[in-house]
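Along the sequence shown, residues carry numbers from 1.
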Amino acid sequence: MVSKASIRLSRWKRLVLKISTSLVLSFVLLEGMLRVLLFTSNPALAQLAGPLRQPGLFAHHSSEDWWKLHHRLRRTQSSRSPRTWAAPDSKLGWVTASSIAPGTYAHRMERWEHVFAGRRPVLLFGDSFARCMGERGECFEGLMQRSGLGRRFVLVNYGTNGYGFDQTCLLAQAAVGRWLAHDPIVILSVFVDDDLKRTELRLRDWPKPYYRVRAPDRLELVPP
């Protein structure tokens with residue numbers, strides 16, 4: 001004989017199961033709707049979801065997930081203009097297109113012999129802080145030119161937007177040899193708040209090199 005307590009317990013179990021199932025299905029449905037709104041190529045839906053299509057709502061700006069979302073959403077928003085300031089590079093991920101040649105890492109200033117006129121080159125490597133986002137005359141090369149040191153030195157700016165300190169070091173290793181005949185001074189710039197964290201990323205503006213631990217005392221460089 002089944003007791004009333006057992007019947008009540010069985011009813012509660014069924015109720016809990018129904019509620020749990022409904023909640024799971026609701027979350028799955030909401031997740032599916034969110035993904036459709038985020039990644040649809042339908043113009044009407046994309047406009048409707050505009051405020052949601054921000055990577056920062058779902059991932060921290062310094063994380064790989066943020067950059068994956070950034071690239072995925074940019075592909076679904078045809079109005080976004082492509083990045084033209086950089087050129088892809090098989091070793092470093094990308095370089096500054098206006099001044100650095102991918103693969104060889106020749107700097108445009110190498111062709112300007114009259115600029116040196118016996119002055120010693122100062123090679124500056126780093127991220128956008130080194131590159132400078134303002135007018136070129138107000139950046140480090142312009143400041144050097146107008147300073148008292150401008151008669152003896154000329155600054156060659158290898159700064160590249162978005163670089164981690166790993167890419168900064170790799171570019172310096174690849175490019176310094178081109179300048180050895182000029183006895184260059186080499187400066188590695190690091191923006192501690194961002195550049196060290198970027199060494200962990202495998203993707204940013206493009207796929208990038210990264211290091212992984214192979215032993216307690218050894219790192220392995222993985223190309224992009």
L17 backbone acceptor or donor facing S20 side chain under 3.5 Å: no

With a 4.5 Å cut-off on side-chain heavy atoms, are F140 and R131 touching? no

Determine whether a donor-acceptor pair (N or O, by modelled atom type, separation under 3.5 Å) exists between the side chain of H182 and the backbone of P184. no

Using only heavy-atom distances, determine whether the side chains of R119 and Q145 contain a donor-acceptor pair under 3.5 Å. yes

Report the residues that fulfil side chain to side chain contact (heavy atoms under 4.5 Å, CB included) with A215, sequence neighbours left out, ordered by chain and then residue number. D217, R218

Kindly compute the distance separating NZ (K91) from OH (Y105), expressed to the nearest 0.5 Å. 5.5 Å

Using modelled atom types only, decide if a donor and an acceptor are shared between the side chain of Y163 and the backbone of W94 within a distance under 3.5 Å. yes

Flag yes if F153 and L155 sit in one hydrophobic cluster, no otherwise; membership is Ile, Leu, Val, Met, Phe, Trp, Tyr, and two members link when side-chain heavy atoms are under 4.5 Å apart. yes

Test your reading of the model: is there a side-chain donor-acceptor pair from R120 to the backbone of D183, 3.5 Å cut-off? yes

Between D195 and R198, does any side-chain N to carboxylate O distance fall below 4.0 Å? yes

Answer whether the closest heavy-atom distance between the side chains of P207 and R202 falls below 4.5 Å. no

Linking I/L/V/M/F/W/Y whenever their side-chain heavy atoms sit closer than 4.5 Å, directly or via other members, would Y211 and V222 fall into one cluster? no

Whether over 12 other heavy atoms sit under 6.0 Å from R146 CZ: yes

Quick one: does any side-chain atom of N157 pair with a main-chain N or O of A130 as donor and acceptor, under 3.5 Å? yes

Could you tell me which residues satisfy salt bridge (Lys or Arg N to Asp or Glu O under 4.0 Å) with R212, sequence neighbours excluded, listed by chain and number? E220

With T96, which residues qualify under side-chain hydrogen bond (donor to acceptor under 3.5 Å, both in side chains), at least two apart? T160

Run the salt-bridge test on D166 and K208 with the 4.0 Å N-O cut-off and return the result as yes or no. yes

Hey, what do you get for CZ (F125) to OH (Y158), rounding to the nearest 0.5 Å? 5.5 Å

